[in-house]
Amino acid sequence: GAGVSQSPSNKVTEKGKDVELRCDPISGHTALYWYRQSLGQGLEFLIYFQGNSAPDKSGLPSDRFSAERTGGSVSTLTIQRTQQEDSAVYLCASSLRTRAGAGYDEQFFGPGTRLTVL
Amino acid sequence: AQSVSQHNHHVILSEAASLELGCNYSYGGTVNLFWYVQYPGQHLQLLLKYFSGDPLVKGIKGFEAEFIKSKFSFNLRKPSVQWSDTAEYFCAVNAGGGSYIPTFGRGTSLIVHP
């Protein structure tokens, strides 16, 4: 079946420009996560969506970052006024929340979007 | 806040050597534990996970991990590595009790020479 897809796969932008990154989760997955992966670093949590609940934005590094999820499916991560330190691979993951309160559900990751800010 | 430490950032082995990658976490309560793997050019994928029961967990491709609660550890092992095991390995910990956001370690890069 179809996995998590992300677009674009690569994005090069100039400092100060806005960018939008898209994530299509696996159909039926209610949970969606955005992470940032910098060279030699682990995965840095950015934001989490679960169904129709308010998203957990606790990982967003600044107010230049925002994300939305429309219709409980597709999600867009927007970075305004990009800076060079925003250069990283942005990963999206989804999971099927099998039981409320359980945190052991496997995450399915997309291929990522490599963002380069010049 | 919980943290996850992967002590080995880079590991180089020859085929047939045994592998053990360390993972320690800081959270003192109930935890769910994961190892993910990223093969060159591929997505991150689940290798194995623990949430209850037998602390020795077996995953895909001959990997296993042992949860030792007293040591706050979840080390990954494989008795005999193959060239195809060359990849980046990430340990992740999810605090139990309704936490949905796992904390990931920095990853360990494993290179296996044929």
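First the proteins, then the strands, lettered A, B, ... as listed; each starts at 1.
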Any donor-acceptor N/O pair, B/Tyr36 side chain to A/Gln107 backbone, under 3.5 Å: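 Side chain of B/Tyr36 to backbone of A/Gln107: a pair is present.
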
Please round to the nearest 0.5 Å and tell me the distance separating atom [atom1] of [X] and atom [atom2] of [Y].
X        : Y        : atom1 : atom2 : value
A/Cys92  : B/His43  : SG    : NE2   : 11.5 Å
A/Phe108 : B/Leu44  : CZ    : CG    : 12.5 Å
A/Tyr35  : B/Ile101 : OH    : CD1   : 7.5 Å

Is there a chain of hydrophobic side chains (I, L, V, M, F, W, Y, each step under 4.5 Å between heavy atoms) that links [X] to [Y]?
X       : Y       : result
A/Leu32 : A/Phe65 : yes
B/Tyr39 : B/Leu76 : yes
B/Trp83 : B/Ile60 : no
A/Tyr33 : A/Leu77 : no

side-chain contact (heavy atoms from CB on, under 4.5 Å) between A/Phe109 and B/Gln42, worked out: CA-CA 10 Å; A/Phe109 284 84; B/Gln42 296 188 25; over 6 Å; no

Flag yes if more than 12 heavy atoms outside A/Asn52 fall under 6.0 Å of its CG atom; otherwise flag no.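 No - once you tally the heavy atoms of other residues, nucleotides and ligands closer than 6.0 Å, there are 12 at most.
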
Do other residues, nucleotides or ligands put more than 12 heavy atoms under 6.0 Å from the CD atom of A/Glu85?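 More than 12 within 6.0 Å, yes.
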
Chain B contacts, top residue of A/Pro111, A/Gly112, A/Gly59, A/Ser58 (heavy-atom pairs, under 4.5 Å): A/Pro111

Checking B/Gln38 against chain A: side chain, backbone, both or neither under 4.5 Å from a heavy atom? side chain

